[in-house]
Amino acid sequence: MSFDLLSEPIRKYIRDKGWEQLRPIQTASIAKILSTDDNYILASRTASGKTEAAFLPILSKVDFNETGVRVVYISPLIALINDQFYRIEELCKNLDVTVTKWHGEANKTLKDRLIKQPNGIVLITPESLEAMFVNKPFNVKQLFSNIKYVVIDEIHSFIGTDRGTQLKSLLSRLQNVNSKPFNIVGLSATIGDYNEAKKFTGNELKTKVLLDRTAKEINALFRYFKNKNEELPLKLLKDLYIETKDNKVLIFPNSRGRAEEVAVKLKKISDRVKGHSDYFSHHSSVDKEVREYVEYFAKNNNRQSFCISCTSTLELGIDIGTVDEIVQIDATHSITSLIQRVGRSGRKDRESSNLFLYATNEWSLLQSVACWLLYKEGFIEPPQTNEKPYDILLHQALSITKGHSGVRLTDLVKQLKENFAFNQVEVSEIEAILNHLIEIDFLEKLQHEVIIGVEGEKIVNSRDFYSVFKTEENFKVVNAGNTIGEIPFSPQIIEDENILLSAKIWKIKFVDHKSKKIEVIPAKDGKKPMFYGGGATIHSKIREKMLEILYSETGYDFLDQPSCDETETLRKDFSVFNVRILQSDRPLLTTEKHLQLFTFTGTRINRTIQLLLNIAGIKNTLDDSSSSFDIEVPKQELISKWNSLIQPLADIDSHITILLQANPALLDFSKWGRYLPENFQVKLIKDKYFDIEYTGQLLATMKLIENK
DNA sequence: GACCTGCTGCGGGCTG
């Protein structure tokens with residue numbers, strides 16, 4: 001039995017806790033981690049004891065009397081480190097093991113103490129690890145040359161992202177520092193591609209997946225309130241108020257502005273009918289201290305009802321206590337996100353989760369139903385993969401050069417080539433990127449060595465160097481010396497305008513452009529703040545499911561009457577197309593002055609189709625929410641050009657080059673891509689912004705079905 | 001029709 005395999009202090013911990021039995025994922029991981037030297041991915045639903053599943057066996061197995069940090073825990077969030085610190089410290093209470101938090105807001109004295117006496121467990125962020133490699137490479141050696149295990153929490157948040165590539169590179173560099181190779185354990189509730197998760201260990205063959213598919217019972221209820229205005233309909237808000245007033249609730253309205261609108265308006269209704277006043281908003285623009293208060297309030301409040309209107313800030317791992325209900329307003333952009341959000345409620349055993357899904361337009365309703373059905377089928381969208389992350393390679397080249405205070409060019413090429421984050425990138429490509437860095441003075445060549453160049457110094461010595469993601473510039477919002485939050489500057493930010501922030505209404509009194517400050521006073525009425533952002537990227541499988549729903553006759557018991565009626569209306573609208581083969585048949589609506597093509601495919605493919613339509617001179621407008629194009633040429637022209645539409649795919653690089661020269665903002669998704677040679681920028685855009693291969697496959701078989 | 005994430009080192013001034 002797994003329990004007997006654990007060391008005595010850990011068995012005592014479990015006995016003291018009074019646990020009747022171990023969770024399935026814990027039983028499995030204890031048996032495997034203690035008996036093998038493999039890497040593991042532990043996949044099991046939210047609140048199923050994954051942290052313990054990793055640490056119970058690791059704490060039993062690792063000898064903490066040896067010098068050096070023995071276990072490194074990596075988290076995507078500071079807040080999660082602070083949360084896990086208490087849990088891990090408690091797990092260690094019968095052992096003599098130091099647990100140290102290491103991130104930008106962690107206590108420096110405790111960090112210095114660890115450097116003097118490296119031991120125990122360190123909880124760290126990827127950016128703090130990066131900073132140590134850049135500024136204090138001797139500390140990396142001092143601390144991290146005797147690691148036995150690395151635990152990566154919420155590993156799905158790294159998969160398929162630039163930050164994930166950076167983390168892989170840092171892990172690869174960490175292995176080089178170690179005297180013996182360490183093992184890796186990754187944790188997540190929502191993994192769409194296990195092979196991509198395995199790549200984080202650098203050794204896919206020696207990585208096993210332990211999976212507990214047990215799902216929690218979820219009661220889903222769909223509500224439909226059609227809306228054409230910018231603000232949410234009052235009927236929806238009233239319905240939402242009644243459903244949530246006597247519960248502990250999280251509401252996810254998909255944007256920061258709308259989160260504020262919901263919090264303020266529900267609070268107003270509650271004030272009017274003398275209900276509770278604990279309505280909050282929680283997102284990146286709300287001041288950190290205010291957010292922490294909201295989290296604390298939710299966690300330490302067992303009886304009172306409350307309502308938090310939030311964005312993805314409350315989507316990941318942070319335990320905010322018991323929540324009875326989750327409300328999603330309009331469709332999530334991914335199934336992963338839906339699962340994570342649902343996982344926030346009913347975190348105790350035997351409690352089922354309640355989920356309300358409100359929709360305000362027909363396409364959002366259809367997308368929401370599609371996500372729900374795919375979730376029920378056990379489908380999670382696979383991450384977007386990028387085999388050639390040239391931009392992150394460029395960043396890591398600068399990081400390595402700075403960390404070594406100069407390095408032989410041949411060694412730098414070798415280190416990058418052997419780094420498992422970049423193993424698909426050719427040596428000739430690495431050399432071309434490095435030569436370009438020398439040309440633009442980011443690197444300087446001294447005989448056989450390279451050091452950081454004049455232009456590179458500015459970049460490498462900046463506080464912004466350690467992360468691979470971009471951030472917007474914000475104005476601080478202050479009322480009588482208290483910081484309410486930070487919002488990006490927009491035309492709305494002028495004196496005497498009213499804005500919503502932190503679930504309250506404010507009047508702008510003074511805007512200080514120099515110190516980027518907005519002075520506000522309380523007000524009675526206002527508008528939601530404006531935020532800029534790119535569009536969502538929807539996976540093609542969700543769109544395909546939407547098409548399938550339209551051509552199915554199945555009724556769904558989770559829909560309310562208006563949702564049911566709207567679904568039937570959509571089905572009736574699409575019954576004029578004789579769509580038979582769902583993979584390839586696509587509706588083409590032709591009326592006298594209008595031509596509309598429904599592609600029912602993912603965002604990146606729609607972008608690629610739009611590029612091809614533009615190349616062919618077919619004027620069009622893309623609406624990604626309905627996955628459709630308004631075509632502004634006569635039908636005959638579209639039909640005659642249709643078969644040759646995919647021809648430019650053979651020579652797509654030159655077309656993207658022209659597009660990039662006309663519109664440099666195309667590369668805005670990449671923080672470091674702007675320093676790449678142009679042909680590498682084009683390759684990056686081709687891989688990440690468009691989807692050339694899938695578009696080719698789809699268009700080769702796509703059949704346009706006109707209405708009867 | 002988007003959301004989120006993190007951050008060094010040094011020196012000056014203040015507190016206990």
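Chain naming here is simple, since letters A, B, ... match the order of the sequence lines and numbering starts at 1 in each.
- Residues forming a ring pair (Phe, Tyr, Trp, His ring centres under 6.0 Å) with A:H282 (at least two apart in sequence, or on another chain): none.
- The existence of a salt bridge linking A:D112 and A:K116 is excluded, since no basic side-chain nitrogen approaches an acidic carboxylate oxygen closer than 4.0 Å.
- The residue among A:A331 and A:R291 whose nearest nucleotide of DNA chain B lies closer to the 5′ end is A:A331.
- Per the geometry, CD belonging to A:E154 stands 13 Å off P belonging to B:dG6, to the nearest Å.
- Whole-Å rounding puts the A:E315 CD to B:dC3 P distance at 13 Å.
- Take A:D687 and apply the side chain to side chain contact (heavy atoms under 4.5 Å, CB included) test, not counting sequence neighbours, and it matches A:N386, A:K388.
- Under the salt bridge (Lys or Arg N to Asp or Glu O under 4.0 Å) criterion, A:E295 pairs with no residue at all, not counting sequence neighbours.
- As rounded to whole Å, 14 Å separates atom C1' of B:dG6 from atom CG of A:L80.
- Looking at heavy-atom distances under 4.0 Å, A:T125 makes contact with sugar-phosphate atoms alone, never a base.
- An OP1 or OP2 oxygen of B:dC4 is reached within less than 4.0 angstrom by a side-chain nitrogen or oxygen of A:R256.
- Rounded to whole Å, the distance from CD on A:E362 to C1' on B:dG1 is 14 Å.
- A:E486 places its CD atom 13 Å from the P atom of B:dC4, with the value rounded to the nearest Å.
- Protein atom CG of A:N135 is 12 Å distant from nucleotide atom C1' of B:dC10, rounded to whole Å.
- Both A:M132 and A:K470 lie near DNA chain B, and the one whose nearest nucleotide falls closer to the 5' end is A:K470.
- Residue side chain A:F469 meets the stacking definition with respect to B:dT5: its ring centre sits within less than 5.5 angstrom of the base's six-membered ring centre, and the planes differ by less than 30 degrees.
- Within the nucleic acid shown, A:I538 has no heavy atom closer than 4.0 Å to any nucleic acid atom.
- A:K136 has its NZ atom 15 Å from the P atom of B:dC7, to the nearest Å.
- When distances run from any side-chain atom of A:S467 to the nucleotides B:dG6, B:dC7, B:dT5, the shortest one goes to B:dG6.
- If you check residues 100-117 of chain A against DNA chain B, the residues with a heavy atom closer than 4.0 Å are A:H103, A:G104, listed by number.
- For A:I78, the listed nucleotide lying nearest its side chain is B:dG6; candidates were B:dC3, B:dG6, B:dT8.
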Under the rule of Watson-Crick or G-U wobble with both distances under 3.5 Å, where | means paired to another strand and [ ] a crossing pair, DNA chain B maps to ................

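- The neighbour count for A:K476 NZ, taken as heavy atoms of other residues, nucleotides or ligands under 6.0 Å away, does not exceed 12.
- Ranking B:dT5, B:dC4, B:dG1 by closeness to the A:L77 side chain, first place goes to B:dT5.
- Nucleic acid contact class of A:S255 (heavy atoms, under 4.0 Å, all strands): sugar-phosphate only.
- Listed by chain and number, the residues in a salt bridge (Lys or Arg N to Asp or Glu O under 4.0 Å) with A:K111 amount to none (sequence neighbours excluded).
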What do the steps show when you test A:D464 against A:K671 for salt bridge (Lys or Arg N to Asp or Glu O under 4.0 Å), and what is the final call? CA-CA 10 Å; A:D464 198 37; A:K671 180 166 163 182; 3.4 Å; yes

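- When heavy atoms are screened at a 4.0 angstrom cut-off, A:S128 is found touching the sugar-phosphate backbone but no base atom.
- The neighbour count for A:F138 CZ, taken as heavy atoms of other residues, nucleotides or ligands under 6.0 Å away, is above 12.
- Put simply, A:S284 has a side-chain N or O that comes within less than 4.0 Å of OP1 or OP2 on B:dC4.
- Between the C1' atom of B:dC4 and the NE2 atom of A:H333 lies a distance of 9 Å, rounded to the nearest Å.
- The residue A:Q166 sits apart from the nucleic acid: no heavy atom pair falls under 4.0 Å.
- Put simply, the side chain of A:S364 and the base of B:dG1 share no donor and acceptor less than 3.5 Å apart.
- In this structure A:K299 satisfies the salt bridge (Lys or Arg N to Asp or Glu O under 4.0 Å) test together with A:D83, sequence neighbours excluded.
- Legend: salt bridge (Lys or Arg N to Asp or Glu O under 4.0 Å) pairs involving residues 331-340 of chain A, not counting sequence neighbours: none detected.
- Listed nucleotides B:dA2, B:dT5, B:dG6 differ in distance to A:T471; the shortest reach to its side chain belongs to B:dG6.
- Judged by distance alone with a 3.5 Å cut-off, a donor-acceptor contact links the side chain of A:D464 to the base of B:dG6.
- Residues forming a ring pair (Phe, Tyr, Trp, His ring centres under 6.0 Å) with A:F252 (at least two apart in sequence, or on another chain): none.
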